[in-house]
Amino acid sequence: MPTTRIDSLDDERVRMYRNLRDADLARSNTHFIAEGRFIVERLLASDCEVESVLVAERQAEKIAPLLPDDVPMYVADDARHRAIVGFDFHRGVLACGRRPATPTLDSLLERATSDPSRPLTLVICPET
């Protein structure tokens with residue numbers, strides 16, 4: 001697992017974490033940000049692709065053992081971490097994940113019939 005110290009707010013490797021109040025990321029179809037240690041742990045245990053993790057120094061030792069070898073961890077001091085994110089963020093752990101492709105109805109039904117022990121619940125909403 002590569003660990004990189006972030007010493008500049010302009011470091012391009014942490015661009016996805018900059019100014020998280022920005023609504024552009026919230027509307028992104030390709031990426032999402034997980035916030036907080038337990039949510040990041042759940043993301044790492046999921047099937048979702050994790051692009052990177054940004055941690056405050058105080059969290060690095062706790063998170064490092066959880067990361068797969070191909071997920072970079074960026075470490076910044078608390079002040080720089082808050083400046084990157086754009087608000088006073090005390091949890092000190094963020095991860096950038098890639099949104100999985102939206103499954104088709106056929107693939108959902110195929111998965112449901114392949115394992116009848118797992119119930120399938122669908123919520124269907126009309127398009128407005």
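Keep in mind it's a predicted model, so treat the numbers as computed, not measured.
Exactly one residue among Arg37, His81, Glu35, Gln59 makes a side chain to side chain contact (heavy atoms under 4.5 Å, CB included) with Arg91. That residue is Glu35.
At a threshold of 4.5 Å between non-hydrogen side-chain atoms, the residues Val123 and Cys125 count as touching. In this structure the side chain of Leu43 reaches within 4.5 angstrom of the side chain of Cys48, judged on heavy atoms. Residues Leu105 and Leu122 form a side-chain contact, since some pair of their non-hydrogen atoms from C-beta on lies under 4.5 Å apart. Taking the side chain as every heavy atom from C-beta outward, Arg99 and Thr30 never approach each other to under 4.5 Å.
Atom OH in Tyr74 sits 6.0 Å away from atom OG1 in Thr4 (nearest 0.5 Å). Interatomic distance, Thr3 OG1 to Met73 CE, rounded to the nearest 0.5 Å: 4.0 Å. Rounded to the nearest 0.5 angstrom, Leu109 CG and Leu120 CG are separated by 6.5 Å. One distance of note links CG of Leu108 with OG1 of Thr102; it measures 10.0 Å at 0.5 Å rounding. If you take CD1 on Ile63 and CG on Leu44, they are separated by 7.5 Å, rounding to the nearest 0.5 Å. In this structure, the separation between CE on Met16 and CD on Glu51 is 6.5 Å, given to the nearest 0.5 Å.
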Step-by-step side-chain hydrogen bond (donor to acceptor under 3.5 Å, both in side chains) determination, Tyr17 to Ser52:
CA-CA 10 Å; Tyr17 301 102; Ser52 65; 2.8 Å; yes
Would you check, one step at a time, whether the test salt bridge (charged side-chain N to carboxylate O under 4.0 Å, His left out) holds for Arg5 with Asp7?
CA-CA 6 Å; Arg5 178 126 183 108; Asp7 293 317; 3.5 Å; yes
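Summarising the local packing, CZ of Arg42 is surrounded by 12 or fewer heavy atoms from other residues, nucleotides or ligands at distances under 6.0 Å.
In this view, Glu110 satisfies the salt bridge (Lys or Arg N to Asp or Glu O under 4.0 Å) rule with no residue, not counting sequence neighbours. A search for salt bridge (Lys or Arg N to Asp or Glu O under 4.0 Å) contacts involving Arg13 returns Asp11, not counting sequence neighbours. The salt bridge (Lys or Arg N to Asp or Glu O under 4.0 Å) check on Glu12 picks up Arg15, with sequence neighbours excluded.
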